[in-house]
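Chain identifiers are assigned alphabetically (A, B, ...) following the order of the sequence lines, protein sequences preceding nucleic acid strands; residue numbering begins at 1 within each chain. Note that the coordinates shown come from a computational prediction; the quantities given were computed from them, not determined experimentally. Side-chain atoms are counted along with the backbone in the values below, which use heavy atoms only and exclude waters and symmetry mates.
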Amino acid sequence: METKPANNFLRLKIAEEIKSGVATEVVTRFPPEPNGYLHIGHASSICLNFGLAETFGGRCNLRFDDTNPEKESQEYIDAIQEDIKWLGFDWAGEVRFASSYFQQFYEWAVVLVEQGDAYVCDLNAEQAREYRGTLTEAGENSPFRDRSPEENLKLLSLMRAGEFAEGEKVLRAKIDMASPNMNLRDPILYRIRKVSHHQTGDEWPIYPTYDFAHGQEDAIEGVTHSICTLEFEGHRPLYNWLLEHLPVPSTPRQFEFGGLNLSYTITSKRKLKQLVDEDVVGGWDDPRMPTVSGMRRRGYTARAIRRFCEMIGVSRSEGVVDVAMLEHAIRDDLNENAPRAMCVLNPLKVVLTNYAEDQLEQLNAPCHPSREELGTRTLPFSRELYIDAEDFREEANKKFKRLVIGKRVRLRNAYVIEADEAIKDAAGNIVEVRARFIENTLGENPEDGIKPKGVIQWVSAAGGKRAKVKLYDRLFSDEGPDRGENNFLDHINADSLSVVEDAWIEPSLIKAAPEQIFQFEREGYFVADRVEHSEAAPIFNKTIGLRDTWNS
RNA sequence: UGGGGUGUCGCCAAGCGGCAAGGCACUGGGUUUUGAUCCCAGCAUUCGCAGGUUCGAAUCCUGCCACCCCAGCCA
C-alpha cells in the first residue's frame, strides 16, 4: 500500500547537494500561520517537508508563523497540531513560534539601522504606495530615507515603546526603490499594531512582517531547505538580502514548488473561513470541507491522503489536479481495508411468503471478500426484510440485474429469492413485495438451474436497526469554483448534503465506534460520525460512493 | 511595454543528447454472491510554435507565442 517515494525535482536537487557536499544535512519546516484550519493543499506541503526530512535522515520543525495577531488564534494553533499528528507526522522537538523570536528580530532590526540598512519611514500606507512606483516605473525614495542611524535608532525605540499610533511609522529596509523586483523597493520590516498577541500578550506594539521574519526564523532553527510555494519566488532575493546583512547563525536557502490546486475545490483559507462564518457549512470540520479535519470527519484516512500526495508529485508547474485522483486514493485504501456491511437507504419491505413467521436464522458472512483475517459477522434472516426500492421493478429489460416480478435475485450472503407480486397503496405506490425464498441456496445456486439475475443488499426487519445516514456530495458544482470570473459562492452544490433519517442497518453496525469506516455493499464507504455518532443514535457519513460504471 | 516563473496524452507527472515511464480518467474483453474489486488489452510517430547545432534533440542554441506571480503597513 505504501509506495516508494517518487522522484521529484527537490529530492533530486537535495540528493545532488549532499553528494557534492553543498548540503550536509536536511532540516525543513512546516510554517503555517494560525489563521485557519489546514486543508488538502497544506497536507501536500506537509508530506513534502516531512517526507524530504525523512528520506534524507534529517528533521522537520513545526513552526507557527504568527506575525499577524489580528487574524490568528489559539483555536487554530491547537487544530493545526492535531491535524498534523493525525496525518501521521512528528515534528522535531517542541513546537516553535515566530513570536518566541520577537526579541531577537528586534535586535536585528537595530543592527540593520546601525548599519544604515534600514530606516523609519513616516509615509502612510497610501503615500508609500505612490512612492513605490509601478511594475514599469521605478519608485521614488521616501523623504525619510536619509535619516541618520542615530535618529532612526531613537525613532525605532519609540515605536517599540508604543509612542506612535498605528500606521504612523514603519521600519523599512533601505535597498533600491528602482529595483525591477517590487519586493526590493524598500520593503517594510515592522509595522505598528496595538493589538495583543495570542502568545506574547501586550508585550509588543510592533510586529515584524513576513519578510523580516521568515528567513531569520529559518536561520535560528538551522533550517537548511526552506520550502514554499511559487508565489514567494520574488521574495527570495529579499530573503537572501536579509540573511546577508544580518549576523544570523546559519544560512538557509529557499526553494519553491507549485502548490496544489484541486478541481471542484477551493483551497484558500480566506474563502474557507467565509464558508464557515456565513454558515454555508457546519464548521471547519464539516465533512464537505477540503480541510484535513473535514476530510477526516468525512471518512478519508490519513493513509489515503498521504498516498494521494505521493501520487500527484511535486513540480514547479502550476496545474489543477483532478479531484477524481483524490477519490481514487480513498477508494483504493478503503476497498482494501474497510469491513463490509449492509445498509438499506431507501427501504422497501419484502415478505417471503414461504418462510415461517416465527423463524429467525443466524447467517454468517465474511467481513471482507478477500481478507479472511477480518473475520465474519452474523446476519439475522427472517420472513420480513428490507431491500432498496431502487432494486425492485415490476418489469424491466435484461440489463436490470435486480429483482423483478417472476425473476430471481440473490440476497447478498443469503438466499436467492423470487418475486411474485407488488402490493400498492391507493396512490399506486409500491409498498411491499411478495416473494419466495428458494431452498438450499445458501452458498449454492438453485437446484433447478435457474440462476439469479444479480445480487442485492438487504436487512432483516426482525433483526435490523435504524440509523441516520448523511449523504455527501461535492460542495461545488463547478470545476473551478473560484477560477476566472467565478464567485465561489455562486457555485455551491445545493445537493451536497441529503439526510436519510431512517435507514436500515444490519445489527453488527450498531457496535460501530466513532470514526470506524465500512463499505456498505453496493453503495459506498461510510464512516460513523466522529462527533455525533452513538450506539443509541447511530449516524454514518458517506465518504464516497463505489465506482459506478453502470450506465443507462 | 519592468522583473520572476511555467509550457510533455483530457488531468497529474517522469525524462537532463541516443530514439516518449507511471498514475488518474476513458474505451474494449475476462473473472466475480458487491453493476465494486481484480485481470488483460487499447490510449502522445510526439514533447507550446518556428528556426538552428548534431550522425542523432522533449532534452543544447536563437527567436516567437501562451499562461501564472509581483505595485498589502497579509502570509
Side-chain angles (χ1 to χ4, degrees), chain A residues 3 6-9 12 31-33 35 65 67-68 70-71 121 123-125 128-130 132-139 166-172 178-185 187-193 206-207 209-211 213-214 228-237 256 258 260 263 269-270 308 310-329 331-332 335-336 340 342 365 369-370 399-402 409-414 416 441-445 451-452 454-457 519-524 545-551:
Chain A
T3 31
N7 267 342
N8 61 52
F9 78 99
L12 293 173
E33 183 189 10
N35 64 348
D65 220 350
T67 56
N68 185 14
E70 285 159 303
K71 294 180 177 170
C121 180
L123 257 24
N124 63 34
R129 189 183 340 117
E130 284 162 8
R132 193 148 35 225
T134 70
L135 295 177
T136 53
E137 300 165 85
E166 283 193 15
E168 198 178 330
K169 286 182 166 46
V170 294
L171 181 73
R172 303 175 71 174
S179 171
N181 182 341
M182 300 293 285
N183 297 301
L184 263 22
R185 320 247 264 224
I188 289 164
L189 272 21
Y190 265 105
R191 54 331 194 177
I192 298 169
R193 283 287 174 284
I206 57 175
Y207 292 96
T209 57
Y210 164 86
D211 286 314
H214 211 92
C228 61
T229 43
L230 252 20
E231 67 266 30
F232 291 98
E233 197 159 20
H235 292 247
R236 193 171 60 214
E256 311 85 19
L260 170 67
S263 64
K269 274 197 274 187
R270 198 207 98 223
F308 167 70
E310 200 57 61
M311 256 170 83
I312 62 178
V314 179
S315 76
R316 283 177 63 88
S317 59
E318 58 232 339
V320 181
V321 173
D322 192 337
V323 73
M325 263 202 238
L326 213 211
E327 297 177 341
H328 172 267
R331 284 196 185 102
D332 199 39
N335 173 56
E336 180 73 17
R340 313 286 126 125
M342 291 195 285
S370 59
K399 297 187 73 174
F400 189 74
K401 297 164 60 178
R402 310 177 192 183
V409 78
R410 159 81 63 186
L411 293 180
R412 176 70 163 160
N413 294 127
V416 170
T441 51
L442 286 179
E444 304 289 341
N445 277 318
K451 293 183 182 174
V455 182
I456 63 173
Q457 76 275 25
Q519 182 196 103
F520 289 172
E521 291 194 89
R522 300 212 313 132
E523 289 288 355
L546 254 28
R547 190 158 165 272
D548 187 4
T549 54
W550 183 52
N551 30 46

A.B. asks: Taking the P atom in each of rC69(B) and rA50(B), what is the distance between them to the nearest angstrom?
C.D. replies: 28 Å
A.B. asks: Counting any heavy atom closer than 4.0 Å, what does V416(A) reach on the DNA or RNA strands: base, sugar-phosphate only, or nothing?
C.D. replies: nothing
A.B. asks: rG23(B) P sits how many Å from D332(A) CG, rounded?
C.D. replies: 12 Å
A.B. asks: Give none if rG42(B) has no partner; otherwise give the nucleotide forming a Watson-Crick or G-U wobble pair with it, both distances under 3.5 Å.
C.D. replies: rC26(B)
A.B. asks: Please confirm whether the shortest side-chain N or O distance from T549(A) to OP1 or OP2 of rA36(B) is below 4.0 Å.
C.D. replies: yes
A.B. asks: State whether R331(A) places a side-chain N or O below 4.0 Å from either non-bridging phosphate oxygen (OP1 or OP2) of rC38(B).
C.D. replies: no
A.B. asks: For the side chain of M182(A), starting at C-beta, report the closest nucleotide among rA75(B), rC70(B), rG23(B).
C.D. replies: rC70(B)
A.B. asks: Does V455(A) reach the side chain of V409(A), with side-chain heavy atoms less than 4.5 Å apart?
C.D. replies: no
A.B. asks: Considering every strand and a 4.0 Å limit on heavy-atom distances, what is the contact class for I312(A): base, sugar-phosphate, or nothing?
C.D. replies: sugar-phosphate
A.B. asks: In the structure I gave you, are the side-chain heavy atoms of Y207(A) and T67(A) within less than 4.5 Å of one another anywhere?
C.D. replies: no
A.B. asks: What interatomic distance, in whole Å, is found between C1' of rC70(B) and the corresponding atom of rG10(B)?
C.D. replies: 32 Å
A.B. asks: Using a 4.0 Å heavy-atom cut-off across all strands, classify Y190(A) as base, sugar-phosphate, or nothing.
C.D. replies: nothing
A.B. asks: In whole Å, measure the gap between the C1' atoms of rG23(B) and rC43(B) for me.
C.D. replies: 14 Å
A.B. asks: Please check the phosphate of rC70(B) (OP1 and OP2 only) for any side-chain N or O of R132(A) closer than 4.0 Å.
C.D. replies: no
A.B. asks: Using the P atom on both, measure rU27(B) against rU37(B) and round to a whole Å.
C.D. replies: 13 Å
A.B. asks: Under 4.0 Å between any heavy atoms, over every strand shown, what does P32(A) touch: base, sugar-phosphate, or nothing? Just pick one.
C.D. replies: nothing
A.B. asks: Where the side chain of N335(A) is concerned, which of rG23(B), rG35(B), rA36(B) is the nearest nucleotide?
C.D. replies: rA36(B)
A.B. asks: Under 4.0 angstrom, heavy atoms only, what part of the nucleic acid is L260(A) near: base, sugar-phosphate, or nothing?
C.D. replies: nothing
A.B. asks: Verify the contact: side-chain N or O of R340(A) to OP1 or OP2 of rU34(B), cut-off strictly under 4.0 Å; return yes or no.
C.D. replies: no
A.B. asks: Specify the residue among N413(A) and R236(A) whose closest nucleotide of RNA chain B lies further upstream toward the 5′ end.
C.D. replies: R236(A)
A.B. asks: Could you please name the option among rC73(B), rG2(B), rG35(B) that lies closest to any side-chain atom of P180(A)?
C.D. replies: rG2(B)
A.B. asks: From the set rG35(B), rA25(B), rC74(B), return the single nucleotide nearest to any side-chain atom of R193(A).
C.D. replies: rC74(B)
A.B. asks: Check whether any side-chain heavy atom of K401(A) lies under 4.5 Å from a side-chain heavy atom of I456(A), and answer yes or no.
C.D. replies: no
A.B. asks: By nearest atom, which of the nucleotides rA13(B), rC73(B), rG2(B) is closest to the S315(A) side chain?
C.D. replies: rA13(B)
A.B. asks: Please name the nucleotide paired to rU6(B) by Watson-Crick or G-U wobble geometry with both distances under 3.5 Å, or report none.
C.D. replies: rA66(B)
A.B. asks: Once you round it to whole Å, what is the distance between C1' of rA13(B) and CG of L12(A)?
C.D. replies: 13 Å
A.B. asks: Report the nucleotide, chosen from rU34(B), rG2(B), rC70(B), that has the shortest atom-to-atom distance to any side-chain atom of N183(A).
C.D. replies: rC70(B)
A.B. asks: Measure the shortest side-chain to side-chain distance between N68(A) and R191(A) over non-hydrogen atoms and say whether it is less than 4.5 angstrom.
C.D. replies: yes
A.B. asks: Between atom CG in N124(A) and atom C1' in rG72(B), what is the gap in whole Å?
C.D. replies: 14 Å
A.B. asks: To the nearest Å, give me how far apart CD (E231(A)) and P (rC68(B)) are.
C.D. replies: 15 Å
A.B. asks: Nearest to the L546(A) side chain among rA36(B), rA75(B), rA25(B), which nucleotide is it?
C.D. replies: rA36(B)
A.B. asks: Output the rounded distance in Å from CG (N8(A)) to C1' (rC16(B)).
C.D. replies: 15 Å
A.B. asks: Phosphate oxygens OP1/OP2 of rG5(B): is one of them under 4.0 Å from a side-chain N or O of R316(A)?
C.D. replies: no
A.B. asks: Could you tell me the separation between the CD1 atom of I188(A) and the P atom of rA71(B), rounded to a whole number of Å?
C.D. replies: 12 Å
A.B. asks: How far, in whole Å, is rC74(B) from rG7(B) if one measures between their P atoms?
C.D. replies: 33 Å
A.B. asks: Give one of base, sugar-phosphate or nothing for H235(A), where a contact means two heavy atoms less than 4.0 Å apart.
C.D. replies: base
A.B. asks: Over all strands shown, is E318(A) touching base, sugar-phosphate only, or nothing at heavy-atom distances under 4.0 angstrom?
C.D. replies: base
A.B. asks: Where the side chain of E33(A) is defined as all heavy atoms beyond and including C-beta, which of rG2(B), rC11(B), rA75(B) is the nearest nucleotide?
C.D. replies: rA75(B)
A.B. asks: Between E336(A) and R331(A), is there a side-chain heavy-atom distance shorter than 4.5 Å?
C.D. replies: no
A.B. asks: On RNA chain B, compare the nucleotides closest to T67(A) and H328(A); which residue's is nearer the 5' end?
C.D. replies: H328(A)
A.B. asks: Select base, sugar-phosphate, or nothing to describe what L123(A) touches, counting heavy atoms under 4.0 Å on all strands.
C.D. replies: base
A.B. asks: Would you call rG72(B) syn or anti, using the 90° rule around 0?
C.D. replies: syn
A.B. asks: Expressed as a whole number of angstroms, how long is the span from N445(A):CG to rU32(B):P?
C.D. replies: 11 Å
A.B. asks: Are OP1 or OP2 of rA75(B) and a side-chain N or O of R270(A) less than 4.0 angstrom apart?
C.D. replies: no
A.B. asks: For E256(A) and rG5(B), what is the distance between atoms CD and P respectively, to the nearest whole Å?
C.D. replies: 9 Å
A.B. asks: Indicate, yes or no, whether a donor-acceptor pair under 3.5 Å links the base of rU34(B) to the side chain of Q519(A).
C.D. replies: yes
A.B. asks: Categorize G524(A) for me: base, sugar-phosphate, or nothing, with a 4.0 angstrom heavy-atom threshold over every strand shown.
C.D. replies: nothing
A.B. asks: Check every strand shown and say whether R172(A) touches a base, only sugar-phosphate, or nothing at a heavy-atom separation below 4.0 Å.
C.D. replies: nothing
A.B. asks: Below 4.0 angstrom from OP1 or OP2 of rU37(B), is there any side-chain N or O of R547(A)?
C.D. replies: yes
A.B. asks: Out of curiosity, L411(A) CG to M342(A) CE, how far, rounded to the nearest 0.5 Å?
C.D. replies: 8.0 Å
A.B. asks: Which part of the nucleic acid, if any, lies within reach of G234(A) when heavy atoms closer than 4.0 Å are counted: base, sugar-phosphate only, or nothing?
C.D. replies: nothing
A.B. asks: In whole Å, what separates the P atom of rC65(B) from that of rC49(B)?
C.D. replies: 15 Å
A.B. asks: In whole angstrom, give me the gap between the C1' atoms of rA21(B) and rA44(B).
C.D. replies: 13 Å
A.B. asks: I'd like the P distance from rA75(B) over to rG5(B), given in whole Å.
C.D. replies: 24 Å
A.B. asks: To the nearest 0.5 Å, what is the distance between CG (L189(A)) and OG1 (T209(A))?
C.D. replies: 5.5 Å
A.B. asks: If only side-chain N and O atoms of S317(A) are considered, is one of them under 4.0 Å from the OP1 or OP2 phosphate oxygen of rA13(B)?
C.D. replies: yes
A.B. asks: Taking the side chain as every heavy atom from C-beta outward, state whether T229(A) and E256(A) have any pair of such atoms under 4.5 Å apart.
C.D. replies: no
A.B. asks: Kindly confirm or rule out a cation-pi arrangement of R522(A) over W550(A), judged by NZ or CZ under 6.0 Å from the six-membered ring centre and within 45° of its axis?
C.D. replies: no
A.B. asks: With hydrogens left out and only the distance checked, is there a donor-acceptor pair under 3.5 Å joining R129(A)'s side chain and the base of rG72(B)?
C.D. replies: no
A.B. asks: Please give the nucleotide sitting opposite rG17(B) as a Watson-Crick or G-U wobble pair, both distances under 3.5 Å, or none.
C.D. replies: none
A.B. asks: For residues L546(A) and Q519(A), determine if any side-chain heavy atom of one lies less than 4.5 Å from a side-chain heavy atom of the other.
C.D. replies: yes
